[in-house]
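The basis for the numbers below is simple: all heavy atoms, side chains too, and nothing from hydrogens, waters or symmetry mates. Residues take their numbers from the sequence shown, with the count starting at 1.
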Amino acid sequence: PVSIALSLDTSGSINDSELKQINAAANKFIDFIGPNDRGAVLKFSTNVNLIQGFTVDKGALKNAINSSPPDRNLTSLYDSIYDAIALCRQESNHKVVVALTDGYDNDSSHSLQQIIDYSLASKIPVFTIGLGSPVNVGLLQQIANGCRGVYFNALTTDKLEEVFKKGADTVFVGALG
């Protein structure tokens, strides 16, 4: 089994239409996880909020994804990844973090190097999925590469479902391989 912390960007740079499509694609991602895999949902903007702790209950995960964002302000991307890694550390399964974001951070207390170091020390890879226009591709690649994950570019919200499917396959193969 795999434990996946899904961290969703709900900051002001993600518009309402993109947010709806992020939620739809994240729900599809939940459909791809196995019956014994555990998921958790975090949403981040100025603050990082754990919406649903680890569970095998796909309905609870989808309810968390579909819930209203706690805030829609600044972006604490590094903090969200740090918190997701901390949450994963409590799990006994193979562990991964998947962050869906436009790749900008303007409000974190943690640095890029801190999340890379924490990921490596914890042996928890971070996969990044870029969405929006513009996407900070360089930073998202740097996070994924530094944290032994993979970067995917959704290009547009219409491509998200395809990316989540590809991402789910890669997450499971990478975590179990």
Side-chain angles (χ1 to χ4, degrees), residues 4-30 39-54 60-88 96-116 118-119 124-147 149-168 171:
I4 303 164
L6 189 59
S7 189
L8 306 176
D9 187 343
T10 62
S11 67
S13 62
I14 302 292
N15 70 41
D16 289 343
S17 173
E18 290 170 335
L19 189 59
K20 285 179 186 171
Q21 291 187 28
I22 286 170
N23 289 349
N27 279 302
K28 280 289 187 193
F29 187 83
I30 297 303
V41 176
L42 299 95
K43 292 186 177 182
F44 67 95
S45 180
T46 304
N47 300 302
V48 180
N49 296 278
L50 175 61
I51 307 299
Q52 174 62 57
F54 278 107
L61 292 168
K62 289 181 176 189
N63 285 340
I65 290 165
N66 296 328
S67 68
S68 295
D71 65 270
R72 300 286 310 273
N73 298 309
L74 299 174
T75 312
S76 296
L77 172 60
Y78 301 152
D79 289 351
S80 77
I81 292 171
Y82 193 94
D83 289 359
I85 294 168
L87 185 66
C88 283
V96 295
V97 170
V98 177
L100 194 147
T101 176
D102 59 9
Y104 293 93
D105 185 298
N106 56 18
D107 200 48
S108 285
S109 60
H110 294 94
S111 70
L112 173 61
Q113 193 58 54
Q114 285 175 312
I115 63 168
I116 291 172
Y118 195 36
S119 167
I124 300 171
V126 177
F127 293 76
T128 56
I129 299 175
L131 169 77
S133 183
V135 171
N136 190 347
V137 174
L139 179 62
L140 293 179
Q141 288 175 328
Q142 204 174 355
I143 292 169
N145 293 340
C147 297
V150 176
Y151 165 71
F152 299 95
N153 192 344
L155 302 175
T156 67
T157 50
D158 296 336
K159 296 281 186 197
L160 264 179
E161 187 174 329
E162 177 185 327
V163 168
F164 264 121
K165 170 71 170 94
K166 191 187 306 180
V171 164

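- With rounding to the nearest 0.5 angstrom, the CG atom of Leu8 is 9.5 Å from the OG atom of Ser80.
- Judged by distance alone, with hydrogens and angles left aside, the side-chain atoms of Gln142 form no donor-acceptor pair with the main-chain N or O of Leu139 at under 3.5 Å.
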Derivation of the side chain to side chain contact (heavy atoms under 4.5 Å, CB included) call for Tyr78 and Leu112: CA-CA 6 Å; Tyr78 301 152; Leu112 173 61; 3.9 Å; yes

Derivation and outcome, side chain to side chain donor-acceptor pair (under 3.5 Å), residues Asn106 and Tyr104: CA-CA 7 Å; Asn106 56 18; Tyr104 293 93; over 6 Å; no

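- Between Ser13 and Asp102, the side chains place a donor N or O and an acceptor N or O closer than 3.5 Å (distance only, hydrogens not considered).
- A donor-acceptor pair under 3.5 Å is absent between the side-chain atoms of Thr75 and the main chain of Ser45, judged by distance alone.
- Leu131 and Ile14 make their closest contact through O-CD1, 4.3 Å (heavy atoms, listed as atom of the first residue, atom of the second, distance).
- Between the side chain of Lys43 and the main chain of Ser11, no donor-acceptor pair closer than 3.5 Å is present.
- Judged by distance alone, the side chain of Thr10 and the main-chain N or O of Pro69 form no donor-acceptor pair under 3.5 Å.
- The shortest heavy-atom contact between Leu19 and Asp9 is CD1-O, 4.2 Å.
- Considering all non-hydrogen atoms of both residues, Phe44 and Ser7 come closest at CD2-OG, 3.3 Å.
- Of the possible donor and acceptor atoms, one in the side chain of Asp105 sits under 3.5 Å from a partner among the backbone N and O of Asp107.
- Among all heavy-atom pairs drawn from Phe54 and Cys88, the shortest one is CZ-SG, 3.8 Å.
- For residues 66-87, the set of pairs meeting the salt bridge (Lys or Arg N to Asp or Glu O under 4.0 Å) definition, not counting sequence neighbours, comprises Asp16-Arg72.
- Counting all heavy atoms, side chain and backbone alike, Val41 lies closest to Ala64 at CB-CB, 3.9 Å.
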CA sep, side-chain torsions, deciding dist, call: Leu77, Ile143, side chain to side chain contact (heavy atoms under 4.5 Å, CB included): CA-CA 11 Å; Leu77 172 60; Ile143 292 169; 4.0 Å; yes

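- Considering all non-hydrogen atoms of both residues, Gly39 and Leu61 come closest at O-CD2, 3.2 Å.
- For residues 60-69, the salt bridge (Lys or Arg N to Asp or Glu O under 4.0 Å) pairs, not counting sequence neighbours, are Asp31-Lys62.
- Side-chain N/O atoms of Asn27 and Asn66 include a donor and acceptor closer than 3.5 Å.
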